[in-house]
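What you see below is based on every heavy atom in this structure, not just the backbone, and it leaves out hydrogens, waters and symmetry mates. We number each residue from 1, following the sequence as shown.
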Amino acid sequence: MAKNAGASKPAKLTRAEKKAARAVKRASRKETFRQLRETFTITRKADSKLIPLLIIAFVVTAAVLYVVLLLIFGSVWLPILPAVLFGVLAAFVLFGRRAQASLYAQADGQPGAAGWLLQNQLKGDWRVTPAIVGNSQLDAVHRLVGRPGVVLVGEGSPARVRGLIAQEKKKLSRLTGETPIYDIVVGSGDGEVSLAKLSNHLRKLPPNLSKDQVSALDRRLQAMSATRAPLPQGPMPAGAKMRNVQRAARRKSAT
């Protein structure tokens, strides 16, 4: 089959462009390694079992795979490299899970933790609007729009948060019509969802809208949301002073 004579070949990169591309890749790798080091340092300080568990995961995985490959191929040297690689992979997977669990444990119960998670850790096609309503006690309700419909996620005192969610549901129902509105209270009590299980809980909600319907609904709700509560957009550090934030919240609620 003859090639299309009119098809143009992609232009070759100049030496300067290649050098710039390599520099970008090096910078990206350095940033990735820096983030891994910081994550490891933070997790190791919070999780005393991290290093022993990583060693166990590496040794057990490598040993099992080595024995299996030894029985299959009968070679003493051939299984070493794949056994080591899979051992490192097992340790890396375990590290990711322990780091995530440690992150949730440190953030749990802090003002803004759920909002931070929804904005930075949530996977899938979700339109997140943090802190659509709140109060001077730093209780907040975050709104998500996705294939399931509208989801209101509240964090703070369960009694106060449920009141905020009920008020917001009443307002939203005028615009959403028959679109489902789900509500979630983040916490550890009955009927509440823990911070660590919030993402999984959202993924289990059934799809009720198409992508076009999600976009149209989000535009309508964004037009309705002219103001937001002045709450922190991430977990507050332990021991941080809350006085200025609370004063700003009281001024906002007074208006």
Side-chain angles (χ1 to χ4, degrees), residues 27-65 83-126 128-131 134 137-142 144 146 151-158 161 184-205 231-242 245:
S28 178
R29 286 196 295 267
K30 287 182 180 180
E31 179 63 18
T32 300
F33 289 139
R34 184 189 66 80
Q35 292 177 354
L36 283 174
R37 286 197 300 269
E38 289 181 356
T39 303
F40 178 80
T41 301
I42 295 172
T43 306
R44 180 174 57 83
K45 290 179 180 179
D47 186 358
S48 59
K49 298 180 180 179
L50 177 65
I51 294 180
L53 288 176
L54 294 181
I55 294 174
I56 292 173
F58 171 79
V59 172
V60 171
T61 303
V64 170
L65 185 61
V84 170
L85 291 177
F86 274 88
V88 171
L89 178 61
F92 191 79
V93 171
L94 178 62
F95 166 68
R97 293 182 177 179
R98 300 288 294 191
Q100 188 177 54
S102 176
L103 176 65
Y104 288 153
Q106 294 179 61
D108 192 24
Q110 297 188 41
W116 170 85
L117 183 145
L118 295 173
Q119 290 182 278
N120 298 280
Q121 301 291 319
L122 186 60
K123 296 180 180 180
D125 185 16
W126 290 98
V128 182
T129 305
Q137 287 80 30
L138 299 182
D139 304 317
V141 176
H142 315 288
L144 285 76
V151 184
L152 299 176
V153 180
E155 61 176 327
S157 168
V161 164
I184 299 172
V185 177
V186 177
S188 57
D190 293 337
E192 300 170 4
V193 179
S194 67
L195 190 66
K197 296 180 179 179
L198 180 57
S199 295
N200 288 335
H201 184 85
L202 290 169
R203 280 196 292 267
K204 292 178 181 179
L205 296 177
L231 297 177
Q233 297 302 310
M236 292 295 294
K241 293 183 178 180
M242 308 294 291
V245 178

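A search for salt bridge (Lys or Arg N to Asp or Glu O under 4.0 Å) contacts involving Arg34 returns Glu31, Glu38, not counting sequence neighbours. Shown here are the side-chain contact (heavy atoms from CB on, under 4.5 Å) partners of Ala63, two or more places apart in sequence or in another chain: there are none. The side-chain contact (heavy atoms from CB on, under 4.5 Å) search around Ile55 returns Ile51, Val59, not counting sequence neighbours. Scanning for side chain to side chain donor-acceptor pair (under 3.5 Å) contacts around Arg98 gives Asp47, with sequence neighbours left out. Evaluation of the side chain to side chain donor-acceptor pair (under 3.5 Å) rule for Thr61 yields no partner, not counting sequence neighbours.
The shortest heavy-atom contact between Trp126 and Leu202 is CZ2-O, 3.8 Å. In plain terms, the two heavy atoms of Leu94 and Ala57 that are nearest each other are CD2-CB, 3.8 Å. The minimum heavy-atom distance linking Ser199 with Leu122 is given by the pair OG-CD1, 4.1 Å. Across all non-hydrogen atoms, the minimal contact from Phe58 to Val88 is CD1-N, 3.5 Å. Summarising the geometry of Val128 relative to Leu118, their closest heavy-atom pair is CG2-O, 3.7 Å, with the distance given to 0.1 Å. Closest of all the heavy-atom pairs between Val186 and Ala114 is CG2-CB, 4.0 Å.
Taken from CG in Leu198 to CZ in Arg203, the straight-line distance is 10.0 Å, to the nearest 0.5 Å. Within the model, atoms OG1 of Thr129 and CG of Leu144 stand 8.0 Å from one another, a figure rounded to the nearest 0.5 Å.
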Given side chain to side chain contact (heavy atoms under 4.5 Å, CB included), test Ile42 with Ser102 step by step and report yes or no.
-> CA-CA 9 Å; Ile42 295 172; Ser102 176; 5.6 Å; no

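Within the 4.5 Å cutoff, the side chain of Phe86 has no heavy atoms near those of the Val64 side chain. Between Leu195 and Trp116 there is no side-chain heavy-atom pair separated by less than 4.5 Å.
With hydrogens and angles left out, the side-chain atoms of His142 and Gln119 include no donor and acceptor closer than 3.5 Å.
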Compile the donor-acceptor pairs under 3.5 Å between side chains in residues 187-194 and protein atoms, sequence neighbours left out, one pair per line.
residue, atom, partner, partner atom, Å
Glu192, OE1, Ser188, N, 3.1
Glu192, OE1, Gly189, N, 2.8
Ser194, OG, Lys197, N, 3.4

